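Report on the structure given below.
Values in this document were obtained by computation on a predicted structure and should not be read as measured data. Both backbone and side-chain heavy atoms feed into the values below; hydrogens, waters and symmetry mates do not.
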Amino acid sequence: MKNKHKYYGKNMNQDNKKQQAQDLHKPHPQEAPEEEPKVEEVVPEEVEAEEVKPEEVAADACEALEKKVSELQAALDKEKKEYLFLMAEFDNFRKRTLKEKSEIIKNAGENVLKGLLPIMDDFERGIKAAENSPEADSVKEGVNLIYNKLKKYLNQNGVKEIDPTDDTFDTEKHEAISAVPVPDEDKKGKILDTVEKGYTINDKVLRHAKVVVGQ
């Protein structure tokens, strides 16, 4: 019996030690650990955004570049047209200026030479009058000499006689001072007689020929 109490007492001691050990690990009611403050997690609102695909971004970029290239090409074409137009205008101006300058040089003495034409007319009349006078052979010869020299001088300066044998009336070369009725249909509108010769200077009419036209 003594041993039984001894064993029981031993077991009690062991149980007390275990209980004490457990009590040591238990928090003291007055020393309870402070609870950490709860922080509410702020969840950001979901932003509804349309998902952009890389293919769409690349397509938009290509379209913008193509539009820019088209605009630049159009501007370049416009500038090129204007440049070509200006070049053509300048070339025409240069040619026109050279032509006008050439005409001025050629026709510089136009008025002076035109003033000699009445003298030519007088020479021709004098020659015709001398032809009917046999005593005036020497006079006729002298007049012919002067006339030929003057005619040669005029030719050298570009003054030429409008062909008197051409019977086709041309308002650019002829001036009709009279119209004569003709029975022949072929003579209508044709030159019947040249009252005063016409002359050109470097293919430009210096004086219109005064003619009689059939009607």
Name each donor-acceptor pair under 3.5 Å that joins a side chain in residues 114-125 to protein atoms two or more places apart or in another chain, with its distance.
| from | atom 1 | to | atom 2 | distance (Å) |
| --- | --- | --- | --- | --- |
| D121 | OD2 | R207 | NH1 | 3.2 |
| D122 | OD1 | R125 | NH1 | 3.0 |
| E124 | OE2 | Y147 | OH | 3.1 |
| E124 | OE2 | K197 | NZ | 3.1 |

Scan the side chains in residues 151-158 for donor-acceptor partners under 3.5 Å anywhere in the protein, sequence neighbours excluded, and list what turns up.
| from | atom 1 | to | atom 2 | distance (Å) |
| --- | --- | --- | --- | --- |
| N155 | ND2 | K151 | O | 3.3 |
| N157 | ND2 | Y153 | O | 2.8 |

Under 3.5 Å, sequence neighbours excluded: what are the donor-acceptor pairs made by side chains of residues 183-194?
| from | atom 1 | to | atom 2 | distance (Å) |
| --- | --- | --- | --- | --- |
| D184 | OD1 | D186 | N | 3.1 |
| E185 | OE2 | K188 | NZ | 3.1 |

Donor-acceptor pairs under 3.5 Å, side chain of residues 61-90 to any protein atom, not counting sequence neighbours: which ones?
| from | atom 1 | to | atom 2 | distance (Å) |
| --- | --- | --- | --- | --- |
| S70 | OG | E66 | O | 2.9 |
| Q73 | NE2 | D77 | OD1 | 3.2 |

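Considering only residues two or more places apart in sequence or on other chains, T165 meets the side-chain hydrogen bond (donor to acceptor under 3.5 Å, both in side chains) condition with D163. For N202, the side-chain hydrogen bond (donor to acceptor under 3.5 Å, both in side chains) partners at least two apart in sequence or on another chain are N107. With sequence neighbours left out, A176 forms a side chain to side chain contact (heavy atoms under 4.5 Å, CB included) with F169, V213. Taking the side chain to side chain contact (heavy atoms under 4.5 Å, CB included) definition, one finds that D91 meets it with R94, K95, sequence neighbours left out. The side chain to side chain contact (heavy atoms under 4.5 Å, CB included) check on H208 picks up E175, V205, with sequence neighbours excluded. Not a single side-chain hydrogen bond (donor to acceptor under 3.5 Å, both in side chains) links D167 to another residue, sequence neighbours left out.
Considering every non-hydrogen atom in both A209 and G198, the closest pair reads CB-N, 3.4 Å.
Contact of the V211 side chain with the I177 side chain is not registered, since no non-hydrogen atoms from C-beta on lie closer than 4.5 Å. Residues V159 and L206 have side chains in contact (heavy-atom distance under 4.5 Å, counting atoms from C-beta outward).
Members clustered with I162: none, using a 4.5 Å side-chain heavy-atom cutoff among hydrophobic residues.
Once rounded to the nearest 0.5 Å, the distance linking CD of E100 with CG of L98 reads 9.5 Å. To the nearest 0.5 Å, atoms CD (E161) and OG1 (T200) are separated by 9.5 Å.
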